[in-house]
Number of protein chains: 2
Amino acid sequence: MAVRQGLDTETVLQAAIEIADVQGIEQVTLAALAAKLNVKTPSLYNHIKGLPDLRRLMSQRSLQDIKAAMVDAVIGKSGDEALLAAGFAYVNFARNQPGLYDAMAALPDLEDPQVKEASTQVVMFILRLLASYSLSEEDALHVVRGFRSIVHGFSSLEMKNGFRMGLERNESLRRLLTTYLRGLSVTS
Amino acid sequence: MAVRQGLDTETVLQAAIEIADVQGIEQVTLAALAAKLNVKTPSLYNHIKGLPDLRRLMSQRSLQDIKAAMVDAVIGKSGDEALLAAGFAYVNFARNQPGLYDAMAALPDLEDPQVKEASTQVVMFILRLLASYSLSEEDALHVVRGFRSIVHGFSSLEMKNGFRMGLERNESLRRLLTTYLRGLSVTS
DNA sequence: TTGACTAAACTAATGACATTAGTTATATTA
DNA sequence: TAATATAACTAATGTCATTAGTTTAGTCAA
């Protein structure tokens, strides 16, 4: 025993994400994580500072991956088409990695500098999608808040079984996003 | 010692809500709750089945209170004005009772019949607000999903310090809701 | 090759917490 | 006033996170 498992922070993080996605975020305990990695719980402290630190790492990774998914989705697209694609990419990320997404959403506060930075990256990405709309800086920031509220709210409700009617979910999302975009295009 | 405290389920629930709103949902432990009520932890089991049961009760109450707040907000209003008022009432509820709101949002699943019923009440309320729009049943259900996504997403992000730019938040919400409603009103 | 060092694993211990079983004591009510 | 129901209790167990201190496996320089 006491065989070196060759762990590092990234491996621990990956295992935590896997537990979160398969069993749910509340099952991400150091005990479960250690068992999965064939190690005793205290050994994890060589790679992470503790459970709060692990959750912080998960939040940060979640934001980075969501941004990457959106960046990929908008390749070759612009305007409404790009925003629609980004919105779907966001929601599909939450669908594919519910535990990791939850880790981001469940973070009590976004005080940590690195998490804050990852969050800022998401905001700046959306701002760039809005560049072609010729909005004032203030207007654009309100729209970013709107867009994020929409995709996060939809993801969150869908994930928690909040949509119980037998209604096509992608159609709901498509309508939500296009309705909002249509509202933006009308010079009230 | 062993003085009767006159506890009942409602009193326990109220105390839990108070802890949640003041200290955060993660501080709602049976230990903290018992201390607040001048009782030992096991005594709580005379009134609630356990921690999961308490959380279920909190979710249910949260949904009921949100609906009540929206019902109150739309008195004497109809159409867009009513939806806007209901949206603000929803978000203001989350602002005033962040812990209770979190209890609802943090519930892993909405399987419980009573929670489900409370959730259905919210959906049916919004459907009634949409009655004057002459939408098909299917269209109306998509709009309900949209509306809920918007207000929940906004509440959730705001609560988690997700909006960090120095931008008026009520203005963001007002624009989000009115933009969506404007999009609805345009016969694409 | 060996010796020293670094770091990754370990054991042991503590403290917070939820939960259950079984007991005591206080109201209520017949 | 006696009997019953029940709200509180104590005691015990098990899970978990965390810290301190120890052992041991790789690494690297002499």
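Any value given below was found using the heavy atoms of this structure, including those in side chains, with hydrogens, waters and symmetry copies removed. Small disclaimer: the values here were computed from a predicted structure and weren't measured. Below, read A as the first sequence line, B as the second, and so on, with proteins coming before strands; counting in each chain starts at 1.
- Here B:F88 and B:F154 keep their ring centres 6.0 angstrom or further from each other.
- In this structure, B:E26 atom CD and C:dA18 atom P are separated by 13 Å, rounded to whole Å.
- For A:L51, the side-chain atoms get nearest to D:dT18 when compared with the rest of D:dT18, D:dC16, C:dA18.
- Distance, B:R55 CZ to C:dC17 C1': 12 Å, rounded to whole Å.
- The aromatic rings of A:Y90 and A:Y101 lie perpendicular to each other, with more than 60° between the two planes, well past the 30° mark.
- Rounding to whole angstrom units, CG of residue B:L33 and P of C:dC17 are separated by 12 Å.
- Per the geometry, CG belonging to A:N38 stands 9 Å off P belonging to C:dC10, to the nearest Å.
- Look at CG on B:L37: it is 11 Å from P on D:dC9, rounded to the nearest Å.
- Looking at A:N46, its side chain has no donor and acceptor atom pair within 3.5 Å of the base of C:dA7.
- Rounding to the nearest 0.5 Å places CD of B:Q60 at 10.5 Å from CG of B:D65.
- Counting to the nearest Å, the C1' atom of D:dA12 and the NZ atom of B:K40 are 16 Å from each other.
- Distance, B:L30 CG to D:dT15 P: 18 Å, rounded to whole Å.
- Applying the salt bridge (charged side-chain N to carboxylate O under 4.0 Å, His left out) test to every pair with at least one member in residues 16-38 of chain B, sequence neighbours left out, gives these pairs: B:E18-B:K36.
- OP1 or OP2 of C:dT19 sits under 4.0 Å from a side-chain N or O of B:Y45.
- We find that CG of B:L44 is positioned 14 Å from P of D:dT10, with the value rounded to whole Å.
- Note on B:R175 versus B:E168: no salt bridge recorded, every NZ/NE/NH1/NH2 to OD/OE distance being 4.0 Å or above.
- Using a 4.0 Å heavy-atom cutoff across all strands shown, B:S43 reaches at least one base atom of the nucleic acid.
- Across D:dA20, D:dA8, C:dA18, the shortest atom-to-atom separation from the side chain of A:P42 is found for D:dA20.
- For the OP1/OP2 pair of C:dA7 and a distance below 4.0 Å, the side-chain nitrogens and oxygens of A:H47 include no atom meeting the criterion.
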